[in-house]
Amino acid sequence: MKSSKLVIAGKELSSRFFLGTGRYPNPFIQNEAIRISEAEVLTFAIRRVNLDAPSEDAILQHLDQDSFTYLPNTSGASNAEEAIRIARLAKASGISNWIKVEISADEKTLLPDPIETLKATETLANEGFVVLPYTSDDPVLCRKLEEAGAAAVMPGGAPIGTGLGVLNPYNIGLIAEEANVPVIVDAGLGSAKDIVEVMELGVDGVLMNTPVAKAKDPVKMAHAMKLAIEAGRASYEAGRIPMKKYATASSGYTSLISR
Amino acid sequence: MKSSKLVIAGKELSSRFFLGTGRYPNPFIQNEAIRISEAEVLTFAIRRVNLDAPSEDAILQHLDQDSFTYLPNTSGASNAEEAIRIARLAKASGISNWIKVEISADEKTLLPDPIETLKATETLANEGFVVLPYTSDDPVLCRKLEEAGAAAVMPGGAPIGTGLGVLNPYNIGLIAEEANVPVIVDAGLGSAKDIVEVMELGVDGVLMNTPVAKAKDPVKMAHAMKLAIEAGRASYEAGRIPMKKYATASSGYTSLISR
Amino acid sequence: MKSSKLVIAGKELSSRFFLGTGRYPNPFIQNEAIRISEAEVLTFAIRRVNLDAPSEDAILQHLDQDSFTYLPNTSGASNAEEAIRIARLAKASGISNWIKVEISADEKTLLPDPIETLKATETLANEGFVVLPYTSDDPVLCRKLEEAGAAAVMPGGAPIGTGLGVLNPYNIGLIAEEANVPVIVDAGLGSAKDIVEVMELGVDGVLMNTPVAKAKDPVKMAHAMKLAIEAGRASYEAGRIPMKKYATASSGYTSLISR
Amino acid sequence: MKSSKLVIAGKELSSRFFLGTGRYPNPFIQNEAIRISEAEVLTFAIRRVNLDAPSEDAILQHLDQDSFTYLPNTSGASNAEEAIRIARLAKASGISNWIKVEISADEKTLLPDPIETLKATETLANEGFVVLPYTSDDPVLCRKLEEAGAAAVMPGGAPIGTGLGVLNPYNIGLIAEEANVPVIVDAGLGSAKDIVEVMELGVDGVLMNTPVAKAKDPVKMAHAMKLAIEAGRASYEAGRIPMKKYATASSGYTSLISR
Amino acid sequence: MELMINGEKQEVEANTLLDVVSHFNLESHLVVTEVDGQIIDRDQWDQTTVKPEMKIELVHFVGGG
Amino acid sequence: MELMINGEKQEVEANTLLDVVSHFNLESHLVVTEVDGQIIDRDQWDQTTVKPEMKIELVHFVGGG
Amino acid sequence: MELMINGEKQEVEANTLLDVVSHFNLESHLVVTEVDGQIIDRDQWDQTTVKPEMKIELVHFVGGG
Amino acid sequence: MELMINGEKQEVEANTLLDVVSHFNLESHLVVTEVDGQIIDRDQWDQTTVKPEMKIELVHFVGGG
């Protein structure tokens with residue numbers, strides 16, 4: 001069963017599953033989860049080196065760098081200026097010019113700042129970054145991000161790490177319907193069901209971290225999510241039946257034995 | 001990623017997906033859908049031979065009979081007596097002693113009759129049938145069906161053919177939690193999302209017909225549903241994260257660059 | 001704004017709100033809540049007199065008996081025989097021949113037993129009781145209860161005391177659509193929203209206890225629920241707008257200033 | 001049962017229901033609906049006089065101007081500049097300095113433009129308008145509107161006129177929880193249930209038009225919505241019971257007759 | 001004599017059911033009685049003789065939903 | 001003779017149930033038979049004599065869910 | 001003279017804005033006026049001279065949500 | 001000399017940025033450097049002279065979503 005490929009900024013991706021690299025029990029489970037997930041795009045954060053223990057958290061040392069596309073995020077930024085600075089540092093590493101713009105001023109909800117996110121997206125796109133902004137599910141904002149040069153838009157399903165799933169399927173569906181760039185649902189999903197739900201709404205992919213990293217069995221969950229992405233995409237392409245209020249028999253009522 | 005196997009009446013099944021054989025565009029698409037679905041259990045109905053064109057609808061001629069477990073249904077029966085008669089005719093064919101008890105008096109909703117379904121289940125179980133009753137999602141009724149000798153219980157997600165999905169996830173989850181026999185969700189599901197949702201509730205399998213047969217592309221949808229079953233089971237076994245009201249960052253807030 | 005009246009067994013009721021009498025902080029709050037609720041039908045349970053303190057819980061001493069219709073329940077019964085015995089004791093008190101059949105074998109869910117409930121309903125209806133069975137939301141079972149002589153059917157929204165609301169609005173709506181006797185939603189509702197939701201589905205009334213008795217302010221909540229019943233009924237009678245996928249302006253787009 | 005009053009820009013309102021004046025069958029039904037609704041705040045649009053029939057649609061001639069607070073909207077504006085112009089024209093009429101900022105560039109969804117809405121809100125608040133912006137349910141945007149001087153924020157439940165209800169109760173609840181100005185849910189609601197749902201989430205009021213004007217019986221629906229507002233507010237203030245997974249009996253299990 | 005009342009052994013001096021009800025000061029209460037499985041109406045209390053070991057139920061209404 | 005087959009009157013020349021099945025070319029099909037309410041196994045077809053007015057059901061499997 | 005009123009060319013005999021408003025019998029209506037982008041208050045109508053080609057807006061309230 | 005590295009005062013003997021990076025044994029790591037707000041590429045480390053009080057950032061990738 002072949003599915004059409006996802007293409008972002010000219011790069012063809014064979015997986016529609018983007019995986020985060022935070023909060024795993026240990027690097028070995030993380031790498032096994034990454035392997036099983038078949039994810040090609042991995043996200044990271046940028047932080048200061050801990051000068052007392054420099055090698056801690058040096059996440060990339062555990063990975064075969066050639067086989068992935070790296071998507072650093074600007075987490076920790078509370079405005080466009082900070083996000084732009086982090087993006088430039090990430091790019092200077094030489095491993096990727098992709099950037100997930102993530103700007104939040106509210107530590108309780110970590111919800112993205114629409115104004116600052118739009119500013120940063122415009123600036124970074126003009127600097128030649130491949131910009132994937134994490135945004136609210138506001139369809140108008142998503143259109144503006146696209147116009148500002150976003151290579152894809154990444155509306156959240158629910159606040160980061162909540163596992164609440166897709167709070168507003170209507171908006172996500174509307175964004176998928178109207179966008180001219182790929183739509184990747186980012187944040188808030190909790191289970192394989194949530195993934196299939198958004199994929200059936202027509203989005204192009206899903207970015208997840210906590211639901212895999214914090215599952216009882218992260219590796220098996222990575223497998224479940226991989227299958228869910230494929231199931232949801234295939235279901236979307238296969239074209240579901242319409243909903244009906246009343247029942248329809250799967251065999252005719254002619255030739256009944258007892259009539 | 002191995003998953004534990006589903007066992008019904010001592011028979012170990014390698015697939016948790018039960019597929020119906022009605023309403024496909026043609027036998028060739030049907031057989032391809034069956035093949036792709038990897039379903040082992042197939043359902044059928046019993047009807048009078050059309051004496052003017054005897055070979056019509058002789059469904060089994062298209063199938064390799066050894067590789068499947070056949071689950072004839074008693075559709076068309078409006079009471080226990082009619083269902084029992086149909087069950088005995090099905091068994092007399094010699095191809096299976098499994099029977100899906102399906103009794104409905106209401107052609108608008110095709111909802112199962114709890115009283116007659118319980119009666120027929122008891123009688124047929126005593127006659128040595130492997131009885132899988134299609135039932136409402138009433139947890140007390142499901143327990144009584146189990147006590148009456150059902151080899152598995154098959155609560156409906158929604159009325160047959162509606163594609164409305166799981167109308168009452170709470171009840172389905174409660175049934176899965178309390179049952180001592182396998183729980184197969186039968187009827188009413190519409191999409192791959194619905195399958196993953198019930199599998200994550202802990203049910204043992206799903207029986208589907210219309211959502212595959214009437215999809216725009218039945219073969220690709222059969223593939224989607226197969227993946228959904230696997231995704232949902234793996235997700236259930238991997239143990240999802242709890243839902244939280246507020247957000248949790250996937251990277252710490254120490255070592256932020258701009259603080 | 002007049003609404004048509006609810007009539008059960010020939011008795012015209014001016015309120016569609018049935019109120020339970022258990023679990024209030026104290027008799028004074030209970031009576032004030034009852035007064036504010038404007039409920040006409042009150043439910044009770046039957047228990048053994050505590051011989052060490054006979055006057056405890058003698059609920060009726062707090063009420064003006066003439067202004068209410070009493071609906072004793074058979075709570076505690078785990079089969080038809082026990083329910084029938086309790087019903088006869090209740091009737092022998094001389095205060096009411098109405099009975100809420102409530103039969104449950106499962107203390108965890110308190111879900112009603114469909115088979116025993118049907119048996120008890122038939123017997124008691126034949127003995128001249130006005131029978132209002134508490135039942136699951138199985139539409140076929142509700143029809144059978146009606147045929148067995150129920151004066152009204154009382155499907156549960158969710159398990160007793162959970163406050164989960166209407167777990168299956170589809171079934172409740174179907175029951176309201178098909179029933180030839182009044183439909184009173186009993187059990188599981190948690191808030192005023194839940195009441196309006198079921199009333200808009202076309203049910204004839206609601207029976208509630210815990211959501212009022214255990215609210216932070218039971219009297220104010222009784223008021224809220226009373227208003228909710230009226231709001232939901234008026235909304236049902238007024239005929240809501242259809243849902244549409246896309247927007248419609250409330251002013252035309254001709255004569256726009258800036259075009 | 002007294003409820004605390006809603007105050008906007010120093011004005012105490014005795015009703016939490018804001019009513020729109022578009023799309024009624026005729027002025028007489030409209031006025032009767034307004035009277036029954038007990039709404040104090042009425043919304044209007046500004047359009048060019050039709051020079052061929054000047055008196056058409058001169059809505060205010062039908063109303064007693066002293067008893068209401070008028071809330072003109074900027075509908076038809078597709079950017080801040082147009083909205084500001086319309087606001088100034090509205091104010092020049094001398095009947096109100098309140099303005100509902102409504103800016104949309106998309107005629108299919110009529111969803112508000114977050115960037116332009118924020119701009120217009122800031123400018124108009126500085127000019128001394130009492131600004132109530134219609135906005136998406138993005139909690140961060142609502143906070144920025146508040147900081148920009150909005151007297152209240154009006155997140156939409158769903159796109160205008162769809163009657164889809166509250167697409168994202170989580171966000172609406174979060175906005176109500178965090179806002180320091182009144183929160184009025186505007187647009188997309190369809191029924192009395194939707195009103196009670198948002199009021200129980202803690203919002204301060206609801207603005208509605210189509211669900212009343214286009215109901216089968218607009219006057220009775222106006223009554224239903226008025227009751228729903230009161231029911232929802234009282235329920236919110238009374239403090240609902242928590243949801244529980246399993247049941248709780250409303251009478252104890254001691255002193256059961258049959259044990 | 002010894003009676004089984006509400007499931008418990010009780011020592012009560014009584015000839016009739018009325019004596020039993022009075023023993024617990026329940027005449028004025030809305031109490032319903034059952035003797036050996038038979039419901040006895042209030043107006044039959046004084047004509048209902050009780051004998052040792054009889055099973056008597058004294059029930060009433062309590063708050064419920 | 002006249003038989004009631006699958007609810008309809010049919011004129012069939014037949015001595016045994018096998019003749020009836022053959023008449024409709026159903027020997028090779030997975031067809032199940034019932035005569036006057038009794039299920040007749042395939043291996044009994046040739047020994048089952050049919051008489052006028054007998055009620056015969058010839059059923060098979062069709063697609064279903 | 002020719003004026004652009006509400007986006008359409010109109011031939012109106014008028015010296016002041018008040019004449020224009022009167023021309024359409026709108027004095028008694030709750031109408032708001034804008035001339036070449038400037039809002040003109042009602043009490044300025046009679047002192048506001050109109051010249052050919054001026055852009056005039058005559059707006060009012062209509063039903064809306 | 002005293003430098004402000006990653007927001008903390010540090011006493012480091014260094015002439016060039018490379019010396020600073022080496023001081024913390026980070027040459028082999030995928031570390032990115034910023035000096036007084038200017039990003040300095042790896043190949044400029046040895047030519048970038050550091051002076052007292054300079055603000056230096058040494059950052060790297062960590063796990064994130």
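Only this structure's heavy atoms are used, side chains among them; waters, hydrogens and symmetry mates stay out. Proteins come first, then strands; the chains are lettered A, B, ... in the order of their sequence lines, and each starts at number 1.
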Shortest non-hydrogen contact from A/R48 to H/H60?
-> O-NE2, 3.8 Å

Residue pairs passing the side chain to side chain donor-acceptor pair (under 3.5 Å) test with at least one member in residues 203-218 of chain A, sequence neighbours excluded, are A/R23-A/T210

Heavy-atom donor-acceptor pair, A/N73 side chain to H/G65 backbone, under 3.5 Å = yes

Leading residue by heavy atom contact count with chain A [cutoff under 4.5 Å; candidates H/V59, H/V32, H/N6] | H/N6

All side-chain contact (heavy atoms from CB on, under 4.5 Å) counterparts of A/T135, not counting sequence neighbours = A/L141, A/C142, A/L145, A/P155

Starting at CD of H/E8, measure out to CG of A/D52 and round the result to the nearest 0.5 Å.
-> 7.0 Å

For chain A, which residues of residues 39-53 of chain H have heavy atoms nearer than 4.5 angstrom | H/I39, H/D41

For A/E127, does the CD atom have more than 12 heavy-atom neighbours from other residues, nucleotides or ligands under 6.0 Å away?
-> yes

Residues A/A45 and H/G63: closest non-hydrogen pair is CB-O, 4.0 Å

Under the salt bridge (charged side-chain N to carboxylate O under 4.0 Å, His left out) test, residues paired with A/D186 that sit two or more places apart = A/K100

Atom group of H/Q10 that falls short of 4.5 Å from chain A, counting heavy atoms | side chain

Are side-chain heavy atoms of H/F61 and A/I95 found at a separation under 4.5 Å?
-> yes

